[in-house]
Number of protein chains: 2
Amino acid sequence: AADLAVNGVSHRGKVLTLDSMNPNVKRVEYAVRGPIVQRAVQIEKELKEGVKKPFTEVIKANIGDAHAMGQKPITFLRQVLALCSYPELLEDNMFPEDAKKRARRILESCGGHSIGAYSASQGIECIRQDVARYIERRDGGIPSSPDNIYLSTGASDAIVTMLKLLVCGEGRSRTGVMISIPQYPLYSAALADLGAVQISYYLDEDKCWSLDVAELRRALNAARQHCNPRVLCIINPGNPTGQVQSRQCIEDVIRFAKEEHLFLMADEVYQDNVYAEGCKFHSFKKVLFEMGPEYSSTVEMASFHSTSKCYMGECGFRGGYMEVINMDPEVKAQLTKLVSVRLCPPVPGQALLDLVVNPPQPDEPSYTTFMKERTAVLAALAEKARLTEETFNTVPGITCNPVQGAMYTFPRITLPQKAIDKAKEEGQVPDMYYCMRLLEEEGICLVPGSGFGQREGTFHFRMTILPPTEKLKVVLQKIREFHLRFTQEFS
Amino acid sequence: AADLAVNGVSHRGKVLTLDSMNPNVKRVEYAVRGPIVQRAVQIEKELKEGVKKPFTEVIKANIGDAHAMGQKPITFLRQVLALCSYPELLEDNMFPEDAKKRARRILESCGGHSIGAYSASQGIECIRQDVARYIERRDGGIPSSPDNIYLSTGASDAIVTMLKLLVCGEGRSRTGVMISIPQYPLYSAALADLGAVQISYYLDEDKCWSLDVAELRRALNAARQHCNPRVLCIINPGNPTGQVQSRQCIEDVIRFAKEEHLFLMADEVYQDNVYAEGCKFHSFKKVLFEMGPEYSSTVEMASFHSTSKCYMGECGFRGGYMEVINMDPEVKAQLTKLVSVRLCPPVPGQALLDLVVNPPQPDEPSYTTFMKERTAVLAALAEKARLTEETFNTVPGITCNPVQGAMYTFPRITLPQKAIDKAKEEGQVPDMYYCMRLLEEEGICLVPGSGFGQREGTFHFRMTILPPTEKLKVVLQKIREFHLRFTQEFS
Ligand SMILES: Cc1ncc(COP(=O)(O)O)c(C=O)c1O
Ligand SMILES: Cc1ncc(COP(=O)(O)O)c(C=O)c1O
């Protein structure tokens with residue numbers, strides 16, 4: 001109204017308001033960086049300004065961000081990146097020969113031999129070749145073609161792009177996409193943004209968050225009433241649930257996808273993060289091909305990988321790729337066109353991905369250090385996975401499945417009725433109330449289970465197992481004490 | 001049909017086909033990386049395989065990719081990036097102190113002091129502060145707040161995100177977005193993808209591609225019949241047209257936006273690329289604020305910048321930012337939520353952007369070299385801009401406006417009727433036919449004017465002025481000869 005006084009012209013208000021903006025964007029939710037994280041950032045500022053709190057630092061266990069939690073970068077990766085950034089270092093004697101060799105090869109494949117040039121939109125060709133060879137090694141020789149590899153700005157980018165390709169129709173013919181509950185909220189957010197229909201299937205908490213085809217079928221049949229289900233998304237190893245799927249389960253899912261004519265999206269960004277004894281990572285691609293040509297030549301699939309997780313934890317570089325399988329060549333041309341609009345994924349992230357799929361070999365000078373660092377990270381994660389499960393299961397009112405893989409635990413918490421009532425009074429969902437109280441009282445930032453979805457009437461939180469072991473012990477102890485106190489208060 | 005034979009089950013075809021994919025994606029076009037570029041890549045492969053051609057290399061003048069054209073990275077930028085990538089180098093004596101200082105500051109603002117950590121989704125706070133200070137310096141002290149700065153994955157990402165926020169409504173109330181013709185095809189592509197209505201306004205080729213408010217009004221009034229125009233996009237300095245807008249013109253545009261209740265999107269990625277005498281870059285923000293509170297407190301705007309252009313040319317890092325002005329706080333919260341779904345822009349790109357907005361100062365050791373390198377790049381571009389205009393204007397049938405700024409020329413070509421007929425026979429638009437012939441005969445890759453839009457019956461091509469001066473001379477000479485030969489052939 002200020003301008004009304006100034007010039008007497010009637011004030012029409014803003015062009016862009018909550019009422020006049022894209023309604024799909026309004027429907028997007030993203031709990032991993034939601035209100036609780038905003039409050040955590042605020043508390044950190046208050047601590048800096050000298051405000052007294054019952055704690056001296058905020059521990060952000062809300063996100064799978066290894067370096068932020070103190071994990072050191074893998075030396076070899078960073079040496080090559082430094083060489084690529086400032087090739088004058090190639091003249092220096094401080095870097096091992098294999099690092100220099102990788103850097104030279106990457107630079108030679110860049111326009112003007114600079115990582116500052118745009119790359120091909122699908123990604124640098126020689127890196128896509130390395131990715132294909134990596135997949136072949138991983139899957140025991142099943143062929144992979146660089147033409148089916150699309151490098152991306154983290155896995156997030158590729159997942160959203162793939163979903164975008166798949167969504168069409170209106171009303172009852174609108175595309176339905178099956179996602180697990182609990183889920184990684186990128187999926188629900190992308191579906192809201194695209195105006196697609198989310199079809200929720202529930203993982204079985206009592207069976208270690210495993211996936212049951214009967215439940216897939218239930219969800220699918222219910223959804224057929226109001227949309228056109230075309231896509232099935234799987235996260236394995238699971239976020240936020242930490243399960244690792246059995247080979248049998250994957251086979252069942254693939255059979256289901258074929259029977260029900262669904263496009264499979266396999267989010268396999270945690271493929272190196274498997275800790276539990278008897279568990280093993282099976283790629284969807286490998287199982288698909290082992291099921292014979294009836295499957296391997298028909299089931300359409302995209303699988304996703306990232307530099308952000310596994311032993312690297314290089315989230316900031318936003319490297320990733322997807323492999324598409326049995327995709328219609330005309331659609332592939334459309335996909336290539338679509339990704340070209342944004343020009344290309346960040347080249348430093350592409351370079352990093354190249355090192356991940358083409359690591360030092362036994363006869364190369366960096367091999368020993370590389371393997372030592374890699375093994376240490378994965379061994380520490382395995383130890384923390386065990387520690388987390390054990391500690392939580394000693395707390396009355398917390399039950400916790402084994403963390404078989406990935407980087408998270410998603411324990412179930414029993415909340416007293418009075419706490420649930422209190423939360424309602426405060427206008428919060430109960431597990432948000434619980435997590436907010438934990439943040440205010442102990443300085444620990446978790447994400448409430450409601451941000452990922454959970455069965456009605458159950459409550460959970462997600463915590464990463466990434467803090468260094470000694471800090472993780474403190475975190476677990478503090479949550480234990482808080483939980484007991486909280487339960488006490490409302491009993 | 002292969003699987004039919006194998007298992008006798010009726011073959012239902014693919015889940016994802018051209019008919020069943022997202023129809024908006026099908027409508028997307030992106031000429032800068034279209035068929036002509038694909039053919040160029042093919043020809044390069046053929047050359048490598050020893051196929052004989054009338055030339056020995058393909059010169060890709062189709063895209064504004066400075067490093068790919070041989071421009072060397074600015075030393076200071078790359079030194080800091082190497083230090084950030086491999087902080088062990090901070091212990092070394094080979095890097096200047098100011099580079100180390102910048103690297104330390106960036107690392108301290110990263111989670112776990114690593115550029116491998118995810119950042120805040122809006123971008124690293126201290127970098128947003130540096131961006132705000134940069135804008136204040138650039139605009140003579142007009143205040144800028146880090147809260148209004150969003151770092152992005154190149155300008156492309158921010159432009160698409162901003163458009164996405166703005167699009168709503170169905171049928172006649174669907175959001176219309178005004179874009180210049182000729183345009184940078186990211187805009188038309190994003191609008192097709194979002195299902196928004198493109199409103200084309202034409203730049204005036206006869207007046208050096210200037211923008212006329214009467215033409216804006218014509219386009220707007222025509223569009224009001226079938227959509228809800230809400231957004232006006234401007235590119236200044238212009239791509240593909242190379243014009244630099246006068247202060248007066250910008251003021252007129254802002255007045256028009258206010259009168260017509262339009263959200264302004266100012267694409268200013270070429271803000272340092274101004275060559276012509278008498279031309280100067282005026283930011284929309286500065287002009288807006290100089291027009292007084294009646295404007296500066298009401299007109300909603302987003303402006304975009306990138307690390308890809310100017311003197312840096314660091315396209316591969318995908319750094320960029322947008323500043324939003326007068327944006328409704330609730331909408332800003334929605335924007336922040338939306339960008340959080342993809343977690344964060346690549347951190348190396350953020351770091352690079354920080355150096356661009358916070359370059360070496362006169363009392364710092366890197367200053368002299370930095371200024372020398374920066375000045376040399378911009379001076380060479382100015383020289384090439386002049387050379388390009390002059391040479392083209394000596395060719396009968398080519399007319400070329402001065403390249404006042406940016407990195408491109410968009411000359412008009414007169415095509416003989418017989419050539420137009422021949423193109424139709426081949427099923428190609430005439431300027432595509434022309435450019436394909438040029439590619440096959442001379443190995444020069446340009447983008448036909450039809451990829452950017454042009455007035456009916458006129459033909460153009462876009463060429464970057466980025467090749468090194470000696471190579472540019474060869475390119476200009478070859479185009480000259482080709483044009484004369486082509487015209488001859490069809491006369
Ligand atoms: C299951 C899953 N998919 C995808 C992503 C996206 O990772 P990025 O975009 O960093 O590669 C994450 C990140 O946490 C994830 O947990
Ligand atoms: C006018 C204009 N805007 C935006 C962009 C996108 O640049 P980037 O995404 O690399 O920052 C370009 C690239 O050429 C451009 O010319």
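No experiment lies behind these values; they were computed from the predicted model shown.
- The parts of Asp157(A) that come within reach of chain B are both its backbone and its side chain, each placing non-hydrogen atoms under 4.5 angstrom from that chain.
- Neither the backbone nor the side chain of Thr307(A) comes within less than 4.5 Å of any heavy atom in chain B.
- Across Arg78(B) and Ser114(A), no two heavy atoms sit closer than the pair NH2-OG, 2.9 Å.
- Both the backbone and the side chain of Gln79(A) come within less than 4.5 Å of a heavy atom of chain B.
- Neither the backbone nor the side chain of Met69(A) comes within less than 4.5 Å of any heavy atom in chain B.
- Proximity to chain B (any heavy atom under 4.5 Å) is shown, for Asn228(A), by neither the backbone nor the side chain.
- Met327(B) approaches Leu16(A) most closely through the heavy-atom pair CE-CD2, 4.2 Å.
- In terms of heavy-atom pairs under 4.5 Å with chain A, the best-connected choice from Glu29(B), His261(B), Gln71(B) is His261(B).
- Per-residue counts of heavy-atom pairs under 4.5 Å with chain A were compared for Pro348(B), Pro329(B), Gly70(B); the largest is that of Pro348(B).
- The backbone N or O of Thr298(B) lies less than 3.5 Å from no partner atom in the side chain of Lys14(A), so there is not a single donor-acceptor pair.
- We find the NE2-NE2 distance between His113(B) and His67(A) to be 14.0 Å, quoted to the nearest 0.5 Å.
- With a threshold of 4.5 angstrom between heavy atoms, Ile115(A) approaches chain B through its backbone and through its side chain.
- Contacts between Leu352(A) and chain B at a heavy-atom distance below 4.5 Å are absent for every atom of the residue.
- Considering only heavy atoms from C-beta on, Met21(B) stays 4.5 Å or farther from Leu166(A) through its side chain.
- When Leu194(A), Leu77(A), Asn24(A), Val28(A) are compared by the number of non-hydrogen pairs under 4.5 Å with chain B, Val28(A) comes out ahead.
- Between Gln334(A) and Val25(B), the shortest heavy-atom distance links the atoms OE1-O, 3.7 Å.
- Taking both residues in full, the closest heavy atoms of Arg27(A) and Lys337(B) are given as N-NZ, 4.5 Å, listed atom of the first, atom of the second, then distance.
- Of the residues considered (Glu314(A), Gln350(A), Met312(A)), Glu314(A) shows the highest number of contacts with chain B, using heavy-atom pairs under 4.5 Å.
- Within the 4.5 Å cutoff, the side chain of Thr75(B) has heavy atoms near those of the Tyr86(A) side chain.
- Ranked by heavy-atom pairs shorter than 4.5 Å toward chain B, the options Gly112(A), Cys315(A), Gly111(A) are led by Cys315(A).
- Residue with the most contacts toward chain B among Thr175(A), Leu335(A), Leu89(A): Leu89(A) (heavy-atom pairs, distance under 4.5 Å).
- The closest side-chain donor-acceptor pair between Arg230(A) and Ser20(B) falls under 3.5 angstrom.
- Contacts between Val231(B) and chain A at a heavy-atom distance below 4.5 Å are absent for every atom of the residue.
- Looking at Tyr187(A), there are no atoms closer than 4.5 Å to chain B (heavy atoms on both sides), in backbone or side chain.
- Within the 4.5 angstrom heavy-atom criterion, atoms from both the backbone and the side chain of Leu81(B) approach chain A.
- With a 4.5 angstrom heavy-atom cutoff, Ser85(A) touches chain B via backbone and side-chain atoms both.
- Options Ala68(A), Gly116(A), Pro185(A), Ala82(A) differ in how many heavy-atom pairs under 4.5 Å they form with chain B, and the most are formed by Gly116(A).
- In this structure, the portion of Cys84(B) lying under 4.5 Å from any heavy atom of chain A is its backbone and not its side chain.
- No other option in Pro346(B), Ser156(B), Gly169(B) has as many heavy-atom pairs under 4.5 Å with chain A as Pro346(B).
- Interface remark: Glu260(A) contributes backbone atoms only to the contact with chain B (heavy atom separation under 4.5 Å).
- Residue contact with chain B, scored on non-hydrogen atoms closer than 4.5 Å, involves the side chain of Thr153(A) exclusively.
- Using modelled atom types, one side-chain atom of Asn22(A) and one backbone atom of Lys164(B) make a donor-acceptor pair closer than 3.5 Å.
- Using a 4.5 Å heavy-atom cutoff, the side chains of Arg318(A) and Val347(B) are not in contact.
- Considering only heavy atoms from C-beta on, Val341(B) stays 4.5 Å or farther from Val160(A) through its side chain.
- Interface check for chain B: of the options Cys168(A), Ala117(A), Gly64(A), Pro73(A), the most heavy-atom pairs under 4.5 Å are formed by Ala117(A).
- No side-chain heavy atom of Thr17(A) sits under 4.5 Å from any side-chain heavy atom of Glu330(B).
- For Leu262(B), the part sitting under 4.5 Å from any heavy atom of chain A is the backbone (N, CA, C, O) and nothing else.
- Looking at Asp92(B), the atoms closer than 4.5 Å to chain A (heavy atoms on both sides) all sit in the side chain, from C-beta outward.
- Distance NZ/Lys26(A) to CG/Leu165(B): 11.0 Å, rounded to 0.5 Å.
- Residues Leu186(B) and Leu343(A) form no side-chain contact, since every pair of their non-hydrogen atoms from C-beta on lies 4.5 Å or further apart.
- Ser308(B) is listed as a side-chain neighbour of Tyr118(A), based on a closest heavy-atom distance under 4.5 Å.
- For the atom pair OG1 (Thr336(B)) and CD (Gln38(A)), the distance works out to 7.5 Å, reported to the nearest 0.5 Å.
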